Amino acid sequence: MGIKVVFREAEKELDSGVSIIEALKAFDKKEAKKALGARINGKIIDLSTVLTEDTGFDIITGETPEGLEMIRHSTAHVMAAAVKRLFPDAKVTIGPAIESGFYYDFDRKEPFKPEDLPKIEKEMQKISNENLPFEVKTLTVAEAVEFFKAAGENYKVEIIEDLAAETGTTEVTIYKCGDFTDLCRGPHVPSTSKIKAFKLLDVAGAYWRGDETKPMLQRIYGTAFDSKEELDIYLKNLEEAKKRDHRRLGKELDLFSFQEDGGPGLAYWHPNGALIRHLIETFWKNEHIKRGYSLVYTPHIARAHLWETSGHLNFYKENMYSPIDIEGQEYILKPMNCPFHILMYKTKLRSYRDLPLRWAELGTVYRYERSGVLHGLLRVRGFTQDDAHIFCTPEQLKEEMINCVRFARYLNESFGFKDYDIFLATRPEGHAGTSEEWDVAENTLREALVQEGVPFTVDEGGAVFYGPKIDIKLKDALGRHWQGPTIQFDFNLPRRFDVNYIGQDGQEHKCFMVHRALLGSMERFMGCLIEHFGGAFPLWLSPVQIAILPISDRHQEYAQKIADQLREKDFRVTVDDRREKIGFKIREAQVQKTPYMLVIGDEEVAAAKIAVRERKEGDLGAMDIYRFIDILKERIEKKI
RNA sequence: GCCGGGAUAGCUCAGUGGUAGAGCAGCUCACUCGUAAUGAGCAGGCCGUGAGUUCAAGUCUCAUUCCCGGCUCCA
């Protein structure tokens, strides 16, 4: 019996039971070679799938995201196959494709060593050369359980049993690839010969199902691409990211350090880093004052009692430093600033006429983070939040949210983050407040975003228990995502602390309260900034903006004069008066990523000019100092 | 916290049981030089910390501190 098969507008009559790959060959041999999988009605399936009714299909190639995912998933299987060949005692668990590649978790007594990776890679290459087909087979749950039990693969048995219990499925699929058979939903590329551009990157421990109470497995990370060229580009990007690592640049540019004697997760800001921080903070403060915020300062510790009232000792205890005993009273280092601002709010009776009150503080907080999660400036135990709390009436909430979003965007764009995604996080399970309250708050936040005309994604259930929030995720120069501004509504604290205002009606009303941080913390933002710019900060943030490089001793005097003139205009200038060759001085300024170098020699002194070199553009030629100052001013104005 | 790897000069790193090394940086001297490294010399180390094994430990064992990679992107 014949069936009608459609491929890209062309139609053919083929025998029922024909496989997609055979059908495809009938249409276009070239495409058949490129195909990794097929798509029918939006579903991605194996090329070996047989067709029994009239249908249309399209192919998936390695050039599409779906194809790439297939390649990676299949590469994970090839890796598992290689591991089973080399280490027969390893038990397989799961091995998905992930954003940047794939991983596979194994259970094995002896952990994998970094030296094992090349061996496994070699075996994978062999498997690829063997051109083994991926063969799919459907088994009943009982058959599959029996099969994997016989193979001693107890994790697979657990997966199948859970799967059956959760979804009620009675059948599962297995894929055979040479002598290795794995439980897998597929789809897979037709043969291991399609797996040709891969690299194993790391070994790491990972808990079975991410659960700390479950056994620790050995995870191998790798990546794979459609072509060797793409793999090379990816590996090069990894190198580039390594060069931009803020921990490395922090050392090279002498920005910050961590001290073993001081304790982990506690940053030391060296003069260069501190200067950048000062510039960020000054800009931040001025912008807040412009927008009707008031700056406040609060202490670093408070009585344990305060944290009982706020509820932190209940829901946040494991992140807080232990109490300090002073005169029989327990004090705790603050993990958040909000209770302090509330105490200040409550120092007098507030009228609706006083609201909104916007109180901002660069508040330093301490939080206990588990030792294994600390990471440079990005995850620390002591940090300064660019915090603010807005106390307002329900009617004012929307406008305040709009202002926050606008402010957040302006601030981050000023620091070069022009690309970001906005998320509205809605109520999670077990939240505080009533459903009606959440409806009102979520709708107000949504309306604010709509009115502001910014695209956003709703993160269902992504909010914290005390209220909905707007999160902004920044994208850096390498396209990586960073947690950026967060604007959170709070039902909880105004109630716990009984935060009120007197309304027009002369009655007490509960305040609305908004927490927001626009940069996050000075530490994390600094780390993010360093990586975004690769250490080459824009002119306005560069610790040294201009390095003056006299060619020989007789040019010192003129160089000093130029330096004085620039310092007069508030530029940060150094004069390199060492007796070194000009090439050496340039190299050093270049390595320090100094935005401008001024070369001063006989010609410049004679013509009363300066030879300007920009760190990226190179030699800009000679110009007079006023022209140069104009260039500087323009760049600073534009914050580039 | 847990798994794995690591810690040697200011920095980057070599050193598999027998007298601690290199490059860069630092200091001294010479060179007065035109757009990314001038040359020579000198100095620099409780080999993260604490125990242990050994005639002998940077090296082996144990503990500890800190750093690095990871710890449900679900067959």
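Just so it is clear, the model here is predicted, and its values are computed rather than measured. Every heavy atom of this structure was used, including side-chain atoms; hydrogens, water molecules and symmetry mates were not. All chains are named by letter (A, B, ...) in the order of the sequence lines, taking the proteins before the strands, and each is independently numbered beginning at 1.
At a cut-off of 3.5 angstrom, the base of B:rG1 holds no donor-acceptor pair with the side chain of A:Tyr368.
The side chain of A:Tyr221 contributes no N or O atom lying less than 4.0 Å from OP1 or OP2 of B:rG4.
When the C1' atom is used for both B:rC62 and B:rG23, the distance is 36 Å, rounded to whole Å. Taking the P atom of each, B:rG26 and B:rA7 are spaced 27 Å apart, rounded to whole Å. Spacing of P atoms, B:rA57 relative to B:rC47, comes out at 12 Å, to the nearest Å. B:rU19 and B:rG1 have their C1' atoms separated by 44 Å, with the value rounded to a whole Å. With both ends at atom P, the span from B:rA20 to B:rC24 equals 24 Å, rounded to whole Å. Rounded to the nearest Å, the gap between the C1' atom of B:rG50 and that of B:rA37 is 43 Å. Taking atom P on both nucleotides, B:rC3 is separated from B:rC74 by 26 Å, rounded to a whole Å. Here the separation of B:rG34 from B:rA9, taken at their P atoms, is 38 Å to the nearest Å.
The one candidate from A:Arg248, A:Lys242, A:Arg247 that meets the salt bridge (charged side-chain N to carboxylate O under 4.0 Å, His left out) condition with A:Asp245 is A:Arg247.
When heavy atoms are screened at a 4.0 angstrom cut-off, A:Ile159 is found touching the sugar-phosphate backbone but no base atom. Among the protein residues, A:Ile94 comes within range of the sugar-phosphate backbone only, with heavy atoms under 4.0 Å from sugar or phosphate atoms but none that close to a base. Within 4.0 Å (heavy atoms only), A:Ala206 reaches sugar-phosphate atoms of the nucleic acid but no base atom. Looking at heavy-atom distances under 4.0 Å, A:Gly101 makes no contact with the nucleic acid at all.
Summarising the geometry, the separation between CG on A:Asp202 and C1' on B:rC3 is reported as 13 Å, rounded to the nearest angstrom. Atom P of nucleotide B:rU12 and atom NZ of A:Lys251 are separated by 4 Å, given to the nearest angstrom. If you measure from atom CG of A:Leu68 to atom P of B:rC73, you get 18 Å, rounded to the nearest angstrom. A:Ile160 places its CD1 atom 12 Å from the P atom of B:rA75, with the value rounded to the nearest Å. Taking atom CZ of A:Arg379 as the reference point, atom P of B:rC71 lies 12 Å away to the nearest angstrom. In this structure, A:Phe106 atom CZ and B:rC3 atom C1' are separated by 16 Å, rounded to whole Å. A:Arg370 has its CZ atom 16 Å from the C1' atom of B:rG69, to the nearest Å. Rounding to whole angstrom units, CZ of residue A:Phe258 and C1' of B:rC66 are separated by 12 Å.
Both tests do not hold together for A:Arg72 against A:Phe102: distance to the six-membered ring centre under 6.0 Å, angle to the ring axis within 45°. A cation-pi geometry, defined here as NZ or CZ lying under 6.0 Å from the six-membered ring centre and within 45° of its normal, does not hold between A:Arg370 and A:Tyr368.
Taking every side-chain heavy atom of A:Val172 into account, B:rA75 is the closest of B:rA75, B:rC11, B:rG1. Listed nucleotides B:rC71, B:rG69, B:rC2 differ in distance to A:Arg247; the shortest reach to its side chain belongs to B:rG69. The A:Glu166 side chain lies nearest to B:rC74 when the options are B:rG70, B:rC73, B:rC74.
As the counterpart of B:rC62, B:rG50 is assigned, both hydrogen-bonding distances of the Watson-Crick or G-U wobble pattern falling under 3.5 Å. Nucleotide B:rA30 forms a pair with B:rU38, judged by Watson-Crick or G-U wobble geometry with both contacts under 3.5 Å. The pairing partner recorded for B:rA14 is none, the criterion being a Watson-Crick or G-U wobble arrangement whose two distances lie under 3.5 angstrom. With a 3.5 Å ceiling on both atom-pair distances, B:rA25 lacks any Watson-Crick or G-U wobble partner. Across the strands present, B:rA57 finds no partner; the criterion is a Watson-Crick or G-U wobble pair with both atom distances under 3.5 angstrom. Across the strands present, B:rG1 finds its partner in B:rC71; the criterion is a Watson-Crick or G-U wobble pair with both atom distances under 3.5 angstrom.
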Check: What one-letter contact string describes nucleotides 32-37 of chain B from 5' to 3', where B marks a base within less than 4.0 Å of any protein heavy atom, S marks contact via sugar-phosphate atoms alone, and - marks no contact?
Finding: BBBBBB

Item checked: Verdict with supporting geometry, A:Phe148 and A:Tyr155, ring pair (Phe, Tyr, Trp, His ring centres under 6.0 Å) -> CA-CA 9 Å; A:Phe148 285 106; A:Tyr155 290 92; over 10 Å; no

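Checked against a 6.0 Å centroid threshold, the rings of A:Phe225 and A:Tyr234 count as neighbours. Here the two rings, on A:Tyr596 and A:Phe628, have centers that are under 6.0 Å apart. Centroid-to-centroid, the aromatic rings of A:Phe383 and A:Tyr366 stay 6.0 Å apart or farther.
The stretch residues 76-95 of chain A participates, sequence neighbours left out, in these side-chain hydrogen bond (donor to acceptor under 3.5 Å, both in side chains) pairs: A:His77-A:His188, A:Lys84-A:Glu153, A:Arg85-A:Glu123, A:Arg85-A:Glu130, A:Lys91-A:Asn154.
Taking a cutoff of 4.0 Å between a charged side-chain nitrogen and a carboxylate oxygen, A:Glu531 and A:Lys243 do not qualify as a salt bridge.
Remark on RNA chain B: of its neighbouring residues A:Thr173 and A:Arg381, the 5'-side contact belongs to A:Arg381, judged by nearest-heavy-atom nucleotide.
Annotation for A:Glu240: atom CD counts as buried by contact number, over 12 foreign heavy atoms lying within 6.0 Å.
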